[in-house]
Amino acid sequence: MGYLATRGRVHHMPFGATISQNGTWFRLWAPKCANVQLVLSEAETVPMRTNGQGWHEIEVPGVTVGTLYRFALPDRSLIADPASRFQPQGLEGPSAVIDPTSFQWTDKAWVGRDWEEAILYELHIGAFTERGTWASAIERLDHLADLGITAIQIMPVAQCYGRFNWGYDGASWYAPMNSYGSPDDMRAFVDAAHARSMMVLLDVVYNHFGPIGNDLEKLTPIFTDRHNTPWGHAINFDAEGSAFTRSFVIDNALYWLTEFNLDGLRLDAIHELKDDSNTHILEILSARIRSAFPARKIHLVVENSDNGASWLRRNNEGQPVFYTAQWNDDLHHVLHTATTGEAGGYYADFLDDDVAFDKLGRALREGFIFQGEYKLHEGRNRGEPSAALPPQAFISYMQNHDQVGNRIQGSRISHFTSAAAVHAYIAIYMLSPQIPMIFMGEEFGATTAFPFFSDVPDDMRESVIEGRMRDMRGDSEDIDPTKPDVEETYDPTSEATFMRAKIDWLEAEENHGQQMLRIYRTLIDLRQREIVPRLRSMAGFSAHGKRMGRSSMLTTWIMGDGAVLRAYINLSHVSEESTVPLIGRKIWQTGWAEGQMLGPWSVLWTIEV
């Protein structure tokens, strides 16, 4: 195969369209199809050669960048390229030939940043700005840099149906969403972030395809009935024909990291990647990625409801063997329960007779609360022991797309609890040795909602709306008469709902927005000076704690340089007397503390060197 000499960054995939010296090579894996034709226009259809083992390919001279194409199957149906690098007319339109090497990168010296330096900022490209494009997002990068953000985590961008989507319904996994701009626009965003010393991580979804536009099942056994997931039959990682699926996922991860120079990936819901083979896809995936980028600092983040500590284990040098860190829902849930009083739905597992403070202590010290214990809401034992992991293996947050968007009207925490409680929550998660993540707009106290939104065909609207309401029944809001009823759920298929989710940047200029920004900037500056340098060489079993009162506690960490970091916490409406003295050099205080008394909603951080 005559590949074009590399002028930029390109991942040579075994499938898709690749520009060659003479034109373009087209390759499609379709073992279910006896023959396939390449359709370049209504007047030009080119039969593809088959090797009898599932591959269909052809090199077409003269085909250049921007050429639109489809594949015609034996039943005469036309499909887009499952490995399309761009769908300029959307999911159901033709694919476009792309030259991934033509973009002029300016970040040639960039190798990334150490994970300990990460202060994450999660955003959705379509809702981050009014225009909802890569180009308009670049205009806000100085805001993030000034805030002190060191890593941007982007919600999924794989091409979905329609004009708007959270991103978790991607069906064309290699094509950035056309409504955000071109692939080069995405590269320009990454390049601009690197110019401001910010890493960029991308959320990717390998546990299911969106309900519209996945044509792979016509070509290859992409699903298996050996396992089930919330979306139906599982993606095939361990049955007959799974070799292609594994390659498709691995190449996709390498593609994003190579052609877009990303600094890492966040893998959605890995507990739904079902694989009973001798070597789990997650093990192969992490090994391939780490071996492919020996000179770059690549960070792999997971979401894992199973609390699988083994995926986060470190080697003798303290480096991740498989994955770098996990979103720590346990810490979020117990802090949310303590600061809001909500105890419905899955929050019920995080409230006990002692207002969950024993569980909060465990989450701060060890990461996971559930480390094999029975979880009533799920009706099963969940988790593995995690105390041996360093705190950097966990990502903490007050809000993220799930915890905001999965509320009835996408309300932020400031909508339903006190400012004092919110400020205490911020002080805990921003200075904890766990890696902090801010959800877009949170830093200036955004009042805009972030409801779930998903454009679908008219004949699917009712089922999507009904499914959304069904999922909300029985949660904390549904059982609280002071909060919205399930029937008040915003229509996720309406463009008006998507527009509600867009950040109002004028709020950042108002008095309240400026006050919140000062708090976040100060905390980030403190973290960079006092916490980050001491995270290096920090190992597991580094923390211990003490209950000081019904709603107050002390957690102590031995940092990597031997310093002692202490957090005195009182998450209640009343003052409490500490049973231990308040010692060490104070670096931050929310609320008030005097002698051995902690005021309501008070958090005091001290350090001893």
Side-chain angles (χ1 to χ4, degrees), residues 269 271 303-309 326-387 389 391 394-408 411-418 421-422 424-429 432 434 436-437 439 471-480 483 543 545-555 567 569-573 601 603:
H271 51 276
E303 178 192 28
N304 185 3
S305 181
D306 288 340
N307 282 5
Q326 172 173 328
W327 279 23
N328 193 356
D329 273 351
D330 279 9
L331 178 57
H332 170 272
H333 293 351
V334 72
L335 275 171
H336 182 96
T337 300
T339 53
T340 68
E342 292 190 336
Y346 52 74
Y347 288 129
D349 289 309
F350 298 88
L351 184 71
D352 59 25
D353 293 338
D354 290 322
V355 200
F357 277 83
D358 290 334
K359 292 178 179 177
L360 173 57
R362 191 181 206 191
L364 287 171
R365 295 189 309 270
E366 302 177 16
F368 296 145
I369 293 172
F370 288 92
Q371 301 181 28
E373 293 82 3
Y374 185 76
K375 197 168 187 291
L376 184 63
H377 180 72
E378 297 180 7
R380 64 184 179 115
N381 294 338
R382 190 185 78 160
E384 299 171 345
S386 59
L389 294 170
F394 302 96
I395 296 171
S396 59
Y397 36 84
M398 182 170 68
Q399 299 169 110
N400 62 33
H401 71 271
D402 275 331
Q403 306 310 329
V404 178
N406 286 331
R407 300 184 69 85
I408 289 174
S411 53
R412 295 173 182 259
I413 190 171
S414 57
H415 294 163
F416 52 88
T417 196
S418 69
V422 168
Y425 196 145
I426 294 168
I428 292 170
Y429 96 87
S432 158
Q434 298 185 26
M437 183 177 72
F439 182 63
D471 291 343
M472 299 286 185
R473 296 194 188 281
D475 69 7
S476 292
E477 292 179 287
D478 187 40
I479 64 177
D480 187 337
K483 293 174 181 171
K546 180 179 178 63
R547 186 73 171 272
M548 300 188 301
R550 185 174 187 273
S551 301
S552 60
M553 59 176 293
L554 165 67
T555 300
I569 300 170
N570 175 20
L571 297 183
S572 74
H573 298 283
W601 301 111
V603 178

- Applying salt bridge (charged side-chain N to carboxylate O under 4.0 Å, His left out), name anything that partners R382, two or more places apart in sequence or on another chain. D330, E378

- Note on the structure: One should read off an interatomic distance between S418 OG and H573 NE2, to the nearest 0.5 angstrom, of 6.5 Å

- Task: Find the distance between CG (L364) and CE (M553) and round it off to the nearest 0.5 Å.
- Result: 5.5 Å

- Item | N328 CG to Y397 OH distance, which is reported to the nearest 0.5 Å | 6.5 Å

- Message: If we ignore hydrogens and angles and just use 3.5 Å, is the side chain of T417 paired with the main-chain N or O of T339 as donor and acceptor?
- Response: yes

- Please test N307 against Q371 for side-chain contact (heavy atoms from CB on, under 4.5 Å), starting from the C-alpha separation and ending with a verdict. CA-CA 7 Å; N307 282 5; Q371 301 181 28; over 6 Å; no

- Message: Closer than 4.0 angstrom, basic N to acidic O: yes or no for E342 and R407?
- Response: yes

- Between W327 and H401, does the ring centre distance come in under 6.0 Å? yes

- Task: Determine, step by step, whether F350 and I369 satisfy the side-chain contact (heavy atoms from CB on, under 4.5 Å) criterion, reporting the C-alpha distance in whole Å, the side-chain angles of both residues, the deciding distance to 0.1 Å, and the verdict.
- Result: CA-CA 9 Å; F350 298 88; I369 293 172; 3.8 Å; yes

- Could you tell me which non-hydrogen atom of R547 sits nearest to which non-hydrogen atom of D358, and how far apart they are? NH1-OD1, 2.9 Å

- How are the rings of F416 and H336 set relative to one another: parallel (under 30°), tilted (30 to 60°) or perpendicular (over 60°)? tilted

- Message: If I take atom CG from residue N406 and atom CD from residue E477, how far apart are they, to the nearest 0.5 angstrom?
- Response: 10.5 Å

- Task: Determine, step by step, whether Y374 and D349 satisfy the side-chain hydrogen bond (donor to acceptor under 3.5 Å, both in side chains) criterion, reporting the C-alpha distance in whole Å, the side-chain angles of both residues, the deciding distance to 0.1 Å, and the verdict.
- Result: CA-CA 10 Å; Y374 185 76; D349 289 309; over 6 Å; no

- Message: I need the E303 CD to D329 CG distance, nearest 0.5 Å.
- Response: 6.5 Å

